[in-house]
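In what follows, chains are A, B, ... by sequence order, proteins preceding strands, each numbered from 1.
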Amino acid sequence: MTIEVKDLKYIYSPDMPGETTALDGVSFDVTEPSIIGIIGHTGSGKSTLLQHLNGLIKPTSGEIYIDGECITDEKKNLTDVRRKIGLVFQYPEHQLFEETVAKDVAFGPKNLGLEEEDIDRRVRRALYMVGLDYDEVADVSSFELSGGMKRRAAIAGVIAMEPAILMLDEPMAGLDPQAHRDMLALIKKVQRDMKLIILIVSHNMADVAELSDRVLVMSKGRIIMDDGPHEIFKRYDELSAMGLSVPPAAEIAQKISKKVKGFESNPLSIRELADDIEEFRRTKR
Amino acid sequence: MAYINVEDLVLEFSKYDENGKPLEPKRALDGVSLSIEKGSFTAIVGMNGSGKSTLAKCLNGLLLPTAGTVTVNGMDTKDGGHIWDIRSNIGMVFQNPDNQLVSSIVEDDVAFGPENLGVEPPEIRKRVDEALKKVDMYDHKDKAAHMLSGGQKQRIAIAGAVAMKPSCIVFDEPTAMLDPAGRSKVMDIIEELNKEGITVVLITHFMEEAAEADRILVMQDGRIIGDKTPRELFADEKYIHEAGLELPPVIELRDMLGMDKKILSAEELAANI
């Protein structure tokens, strides 16, 4: 599965007083299964980009190819594309509506017109993938679940569509620390086991640093950085000028290097920073 | 007597089956007692479903106790005659800014609260301007509320609470939906309001935000299982994990390096390298 985005432009309310360029020439390729973090401050175009990728919005100009197929073609029937691309919105648990968890997860596959047997198989697999026990939750109302479990059930509903590309908009927002850790582990597992391309939009830089193989930074409708997480989060000053931040580990490293002469570290996690500090203490002695 | 007193508070939500037959109620708060002093800054942490938001809604009588009492400045929330006094004393700011704005123009939104209190128009004007300046949104007073960013909307929601001149504001995860710049701005405003004498109760999942408080309450299964200062709480790693919480990043680093448990900030930590 590949994604190719070519010079994508999108203008809201063209020729109207509120005319706004939301995407201003966005191009990037994804050629192999991986996790791609997308960061940028509110209004930078992240969500607009996601909505283009599964065909919810048509661009003003530019093209998107999914597996070589142009999905921005006017005549293209988008039903097949939407099946390949799952989009999990912010707070997806607000969209749970069925009487039981199993029925909710089955809703998408049912609409694909699949056989009962196949639907059941997909529901079981999807619940397994998100770490929910089928026998425990299948017949329970989704409103009885805890916050973290609700969100996982909602994601299972998208996974049951067996997408090749999964897009997650702020999947960790509002979760307690334990549910947060579980969600990070879940995303990694789903990516590995299902060999997906996962695009994650998040304001939480520690999460983006931990999950991403590659990070896209958006500002004013453009991608202005596209690199590995280490390279991106090195650019502390540029990111803060945009109202973004770096992972807490990198921020702490900055503060320490201001106080401790000769100390330099460019960590993504607290573990990496601790290792650098220990190394520094050893060489100083 | 403390400003807010909560005694043996129990709160149950009624539940019904498909045919409307009552089921066993769900107990969201199970015997909570605490007192909050005027001018203090209290953080409440705990897992999703531990009862934090339910407790918050009991403080200004949005929810009334199934058993036990909540008093604000000596007034019982169950006493219907005091409920408006209590609500004008305790402001609330919730997680989602989009659910809290009632008017299409920024200054109208901030004026909504004092208008409903029956404040005189010249005084409303004064309060709205002051409140907007306090949250650094005065320049946006004529703007359409829906054109603002999440962080700006949240600041308007705070201004709306401030314009009611409350003595206490309860913040229920006010930064959960904001970007990093929006988050730090909102936290700065909360600290500033507290310095000016407003009692602050802050519910949060971010431990680095809780670390700013004088006192942290830890909730689990509808009870308060811990009442500690940040220094005490973050010295006890085992307790943090048992309560389903996490350490703030600086503390995690401190413990990995085996440094003194008294260290709370990056600067203190740097001094020990």
Heavy-atom cut-off 4.5 Å, strictly under: side chain, backbone, both or neither for B:K26 against chain A? neither

Check whether A:K258 gets within reach of chain B through its side chain, its backbone, both or neither, counting any heavy atom under 4.5 Å. neither

Please check if the number of heavy atoms outside A:Y236 that lie under 6.0 Å from its OH is greater than 12. yes

Counting only heavy atoms closer than 4.5 Å, note whether A:S146 contacts chain B via side chain, backbone, both or neither. neither

Of all of B:S50, B:G182, B:G244, which one pairs up most often with chain A through heavy atoms under 4.5 Å apart? B:G244

Rounded to the nearest 0.5 Å, what's the gap from CD1 on A:I277 to CG on B:N272? Could you check? 10.5 Å

Heavy-atom pairs under 4.5 Å with chain B are the metric here; pick the option from A:A206, A:P247, A:A274 that has the most. A:A274

Can you tell me how far the CD atom of B:E268 sits from the NZ atom of A:K255, to the nearest 0.5 Å? 11.5 Å

Under 4.5 Å from a heavy atom of chain B, the part of A:E99 involved: neither

Heavy-atom neighbours of A:E19 CD exceed 12 at 6.0 Å: yes

Can you tell me how far the CG atom of B:L269 sits from the CD1 atom of A:I252, to the nearest 0.5 Å? 8.0 Å

In terms of heavy-atom contacts, A:H203 and B:P180 come closest through O-CG, 3.6 Å

Is the NZ atom of A:K188 crowded by more than 12 outside heavy atoms at less than 6.0 Å? yes

Identify which of A:H180, A:R181, A:M205 forms the greatest number of heavy-atom pairs closer than 4.5 Å to chain B. A:R181

Going by heavy atoms in the side chains, are A:F263 and B:I273 under 4.5 Å from each other? no

Hey, is CG on A:D139 packed in by over 12 heavy atoms from elsewhere, all under 6.0 Å? no

Can you say whether A:E144 sits under 4.5 Å from chain B via the side chain, the backbone, both, or neither, judging by heavy atoms? side chain

Contact leader toward chain A among B:G151, B:G49, B:A266, B:P249, where contacts are heavy-atom pairs under 4.5 Å: B:P249

Of B:H241, B:M47, B:E246, the residue whose pairing with A:P177 passes side chain to side chain contact (heavy atoms under 4.5 Å, CB included): B:E246

For B:M147, which atoms come within 4.5 Å of any heavy atom of chain A: side chain, backbone, both, or neither? neither

Neighbour count above 12 (heavy atom, 6.0 Å) for B:K141 NZ: yes

Check: B:S149 and A:H41 side chains under 4.5 Å, non-hydrogen atoms: no

Okay, B:Q95 and chain A: the region with an atom under 4.5 Å from a heavy atom over there is side chain

Is the CZ atom of A:R214 crowded by more than 12 outside heavy atoms at less than 6.0 Å? yes

Tell me, for A:A249 versus chain B, whether the close heavy atoms (under 4.5 Å) come from the side chain, the backbone, both or neither. neither

Pairwise distance CD(A:Q90) to CE(B:M177) - rounded to 0.5 angstrom: 5.0 Å

Distance, nearest 0.5 Å, that separates CG of B:D179 from CD of A:E170: 9.0 Å

Do B:L253 and A:I256 have side chains that get closer than 4.5 Å, going by heavy atoms? yes

Residue among A:L244, A:L273, A:V260, A:L175 with most heavy-atom pairs under 4.5 Å to chain B: A:L175

Judged by atom type as modelled, is there a donor-acceptor pair below 3.5 Å linking the side chain of A:D176 to the main-chain atoms of B:N48? yes

What part of B:E173 gets closer than 4.5 Å to chain A, counting heavy atoms only: side chain, backbone, both or neither? side chain

For A:R281 versus B:M259, what's the shortest heavy-atom pair and its separation? NH2-CE, 3.3 Å

Side chain, backbone, both or neither: which part of A:R271 has a non-hydrogen atom closer than 4.5 Å to chain B? both

